[in-house]
Structures are given as structure tokens and as C-alpha cells.
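Everything numeric here is computed off the predicted structure, so don't read it as measured data. This chain uses plain numbering: 1 for the first residue, then up along the sequence.
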Amino acid sequence: MAQPTFKVLSLFSGAMGLDIGLERTGLFETVACVEVEPIFCETIRLNRDAARLSNPHLLIINEDIRTINPLMLLQTLKLKPGEIDLIAGGPPCQAFSLYGKRRGIQDARGQLVFEFIRFVEAIRPRAFLMENVRGLLSMKSNGTSEKGSLFQEIQERFSEIGYRTDCFVVNAVNYGAPQIRERLMVVGNRFNVDADFPPPTHSNRPADRLQPFATLGDVLQEPNELDKTIMDFSPRKKHYLSMVPPGGNWRSLPIEIQQESMGKVFYLKGGRSAYWRKLSYDFPCPTIVTMPNHAGTSLCHPEELRPLCVGECALVQGFPSNWEFCGTPAEKYQQIGNAVPVRLGEVAGQAIAELLSSVQSLATSTYKPALRDRIVHIRPHVRTRSWWKYGQVLSGISYYKRPNSSHEIGHQLPLL
């Protein structure tokens with residue numbers, strides 16, 4: 001592996017999925033991380049001590065970011081403003097999620113995005129990588145009803161402190177991750193240079209002539225010693241899930257059982273595909289969540305009547321097989337579910353390394369008025385299957401035939 005070239009300050013580090021991805025390029029070294037949750041810091045410390053990070057002397061700061069003076073942090077690292085190459089992190093996204101209450105910056109967690117900006121302004125990194133949910137793009141700012149005004153305000157703040165932003169709406173499955181996971185990757189730099197994000201390397205559309213999507217079966221078939229911790233389904237949930245075939249969901253149940261098991265949810269429109277969902281080896285995994293045993297976000301194992309265990313969720317997210325998680329079962333799932341897929345961090349790292357290499361010769365004080373900021377969608381919305389088509393329930397149906405698949409392939413359907 002190449003000698004690390006670029007110094008990274010990690011904010012909102014969690015279990016370090018993004019940081020592992022960056023370091024996997026061999027070009028980045030995380031010099032310090034800031035994380036408010038003590039048990040998450042224990043996870044980082046455990047794996048650092050086991051020499052699983054490129055920098056065994058990583059500075060771990062277990063504090064609320066709002067209480068930290070960025071310049072004092074630089075002094076501790078014996079660095080000056082402009083000497084950190086990259087600030088990377090994902091401010092808590094629950095306030096912006098399409099699946100939450102979407103309170104935005106009215107939620108204290110939503111305000112933390114401006115703490116990220118405060119650190120960038122003080123530390124003056126050459127570039128930054130801010131990861132979040134796609135829903136951030138459509139949030140409204142305080143005092144306005146304009147959709148997307150919050151993100152516009154964020155971009156303007158970055159511009160005011162001298163940073164141009166390129167925003168990429170991507171999906172981890174397009175880059176070889178075995179998981180459907182849409183994310184917003186905001187890349188900023190203070191050299192007025194366009195950042196790029198690589199085109200997809202994988203697809204479920206034969207016309208694209210790319211590698212087929214990785215599937216849940218690809219990672220669950222690996223012979224690894226896994227953390228088998230689970231937050232199990234209740235007996236009631238197991239009763240209903242026992243009637244669902246691999247690859248199916250609530251639509252696979254008889255109509256009277258659907259109504260009985262779902263209550264008022266049965267009469268809602270849309271957003272119910274994860275209800276009583278049982279996974280299939282032949283598809284990419286749905287988005288890993290923090291509560292895989294919830295009826296409405298079910299991640300039921302294809303063959304066993306249980307949720308994916310901690311170790312299986314970690315593999316889907318791309319964590320090393322020897323990465324350990326501290327805490328209760330709920331805390332372990334939280335660290336994994338909130339993480340950035342490691343593969344997505346690696347792809348972003350490759351793009352940012354190219355950007356940083358192109359500007360290394362520029363003076364650290366260089367600043368020009370930023371070019372127009374961009375928002376680029378790189379096939380973020382991916383559908384690999386249908387649950388209901390032409391009046392028929394579909395379960396375990398593959399959209400494309402995977403070469404050398406060890407699993408039985410179902411009917412072939414037109415790609416959507």
C-alpha cells in the first residue's frame with residue numbers, strides 16, 4: 001500500500017466507516033477524530049489498539065463538537081491552519097431523512113451541519129468531504145417555505161469562507177457495495193477547482209456493459225467469524241415473517257393477514273415495501289438500518305427467522321471482517337446503521353486524492369470567488385426489483401442473471 005500522503009481530520013466519526021474507506025486508498029491518514037458518543041469512541045480505540053488503522057497514534061476526542069475550539073485542536077496536533085488536507089464527516093442526518101420527521105435545523109442535530117462549516121472556516125483544509133442523506137437537498141431553511149433553501153444556505157456559507165462545492169447524489173450499489181444506499185457527497189475545495197466523482201462501475205442494466213451489482217449472497221457466503229449479536233424479532237413478528245418467502249414482503253401474505261398484521265399502515269400509500277420484508281441472496285441488500293428487527297424496516301435473513309446479525313450488517317456496510325463493535329446490541333446496530341458504506345468512502349477518497357494532487361502546487365492562501373456550485377445526480381435512484389406487477393405478487397425474482405451465481409435465479413423481468 002502507498003505511503004499516506006494526505007492528513008485527515010474526522011468529524012462525527014461514529015464507527016469510522018468513511019475513514020476506513022478513505023484510508024483504504026492508501027493515500028489518507030486520519031490524524032484525529034471527534035465523536036460525542038463514548039461507546040463509539042471505545043469502538044475506535046479498540047480497533048486502533050489492534051493496529052487496524054493506518055495511524056495507531058490517532059487522537060480520539062470524545063466531546064461535543066460545539067464545545068471544541070478548532071484552533072486549540074490544531075495546536076494539540078502541532079499543526080497550523082491550512083496544514084490539514086481534508087476534513088471529512090457526516091453531521092447527524094436524522095433531522096434531514098426522508099423517513100423521519102424532517103425537522104431540519106429546528107432539530108438540534110440538524111444544527112450540527114453548521115459546526116462542520118465552523119471547523120472548515122477555522123482549520124482551512126485544502127478540501128472537505130461532507131456526507132449526508134439525499135433529503136438534505138430538499139429541506140427548507142428557517143423562515144422560508146422554499147424547498148431546498150437550507151442546502152442553498154449551506155452552499156452560500158461555504159462560498160463566503162472561500163470554498164467551492166460540488167455535490168454528488170450517488171448510490172453505493174453502483175460502486176460495488178452489496179447495498180442499495182443513496183447518499184449525498186459534498187466535496188469542497190478552496191482552489192476554485194471542479195471536483196469529480198467517478199462514474200458507476202456496476203449496474204443491473206445489461207446495456208451499461210458494467211459488472212453486475214454485488215448481492216447479499218456475495219457477502220453472506222464468505223466464511224468469516226462474525227459477531228452474531230442480534231436484536232431479535234418478537235414472537236408476533238416471527239409468526240408473520242414465517243409466512244413470507246425469501247425476497248418477499250407483506251404483499252406475499254393473504255389479504256386478511258396483511259390487514260391483521262399491519263393495522264392502519266395497510267391503508268397507507270407508498271413507503272411500505274420494507275414491511276414484513278424477508279431478504280434474498282440474489283439481490284443487493286436494502287439500506288442497512290439501526291433497527292433491523294422493526295416490522296416496518298425488517299431485514300430478515302433469507303433462510304433463518306431472525307434479523308441480520310451485527311456481523312452480517314457490518315459486512316454489508318463493508319467493514320473489515322475483524323472490525324469489532326463495542327456496546328449493547330442496540331448500540332452496535334446504531335454504529336453500523338449510521339455509518340457510511342466503506343466502499344463509498346473509498347471511491348470518494350480516490351476522487352478527492354486526484355483533486356488534492358492537482359492543487360498541491362498552489363499556495364495554501366489561494367482564494368478566488370468560487371465558480372458556480374454544482375449538484376450532480378449519478379443514477380442515485382436504483383430499482384432492482386418490484387414487489388407487485390400486473391396484479392401479481394413478486395418474491396425472489398431477479399432482474400438480471402448473474403454469471404456463476406450459486407443461487408437459483410428466478411424469472412427474468414424487464415429492467416425498470
Undergrad: Just so I know, are the side chains of Tyr333 and Val289 near enough to count as touching, which here means a heavy-atom distance under 4.5 Å?
TA: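 Not in contact.
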Undergrad: Excluding sequence neighbours, so at least two apart, what forms side chain to side chain donor-acceptor pair (under 3.5 Å) with Glu29?
TA: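 If we apply the side chain to side chain donor-acceptor pair (under 3.5 Å) test to Glu29, skipping adjacent residues, there are no hits.
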Undergrad: Is the distance between the ring centroids of Phe266 and Tyr275 less than 6.0 Å?
TA: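 Centroid distance Phe266-Tyr275: not below 6.0 Å, so no.
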Undergrad: Does a side chain donor of either Ser273 or Asn249 reach within less than 3.5 Å of an acceptor in the other side chain?
TA: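 There is no such pair (donor and acceptor under 3.5 Å, judged by atom type) between the side chains of Ser273 and Asn249.
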Undergrad: Under a 3.5 Å threshold, yes or no: a donor from one side chain and an acceptor from the other, between Trp250 and Ser261?
TA: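 Checked: Trp250/Ser261 side chains show no N/O donor-acceptor pair below 3.5 Å.
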Undergrad: Mark yes or no for whether Arg48, through its side chain, and Leu58, through its backbone, hold a donor-acceptor pair below 3.5 Å.
TA: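 Yes, Arg48 side chain to Leu58 backbone: donor-acceptor pair under 3.5 Å.
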Undergrad: Between the side chains of Glu303 and Tyr281, is a donor N or O closer than 3.5 angstrom to an acceptor N or O?
TA: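 Glu303 vs Tyr281: donor-acceptor pair found between side chains.
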Undergrad: Where the side chain of Glu312 meets the backbone of Val219, is there a donor-acceptor pair that is under 3.5 Å apart?
TA: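 Flag not set: sc Glu312 to bb Val219 has no pair under 3.5 Å.
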Undergrad: Which heavy-atom pair separates Val193 from Ser358 by the least distance, and what is that distance?
TA: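 Looks like CG1-OG, 4.4 Å.
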Undergrad: Would you call Lys278 and Glu304 a salt bridge, taking side-chain N to carboxylate O under 4.0 Å as the test?
TA: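 Not counted as a salt bridge, because no side-chain N and carboxylate O are separated by less than 4.0 Å.
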Undergrad: Checking Arg277 now: which residues fulfil side chain to side chain donor-acceptor pair (under 3.5 Å) with it, not counting sequence neighbours?
TA: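 With sequence neighbours excluded, Arg277 shows a side chain to side chain donor-acceptor pair (under 3.5 Å) to no residue whatsoever.
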Undergrad: Please check if the side chain of Thr287 supplies one atom and the backbone of Ile180 the other of a donor-acceptor pair under 3.5 Å.
TA: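 At least one qualifying donor-acceptor pair exists.
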Undergrad: One pair to check against side-chain hydrogen bond (donor to acceptor under 3.5 Å, both in side chains): Thr201 and Gln211. What are the steps and the verdict?
TA: CA-CA 7 Å; Thr201 56; Gln211 299 178 67; 5.3 Å; no
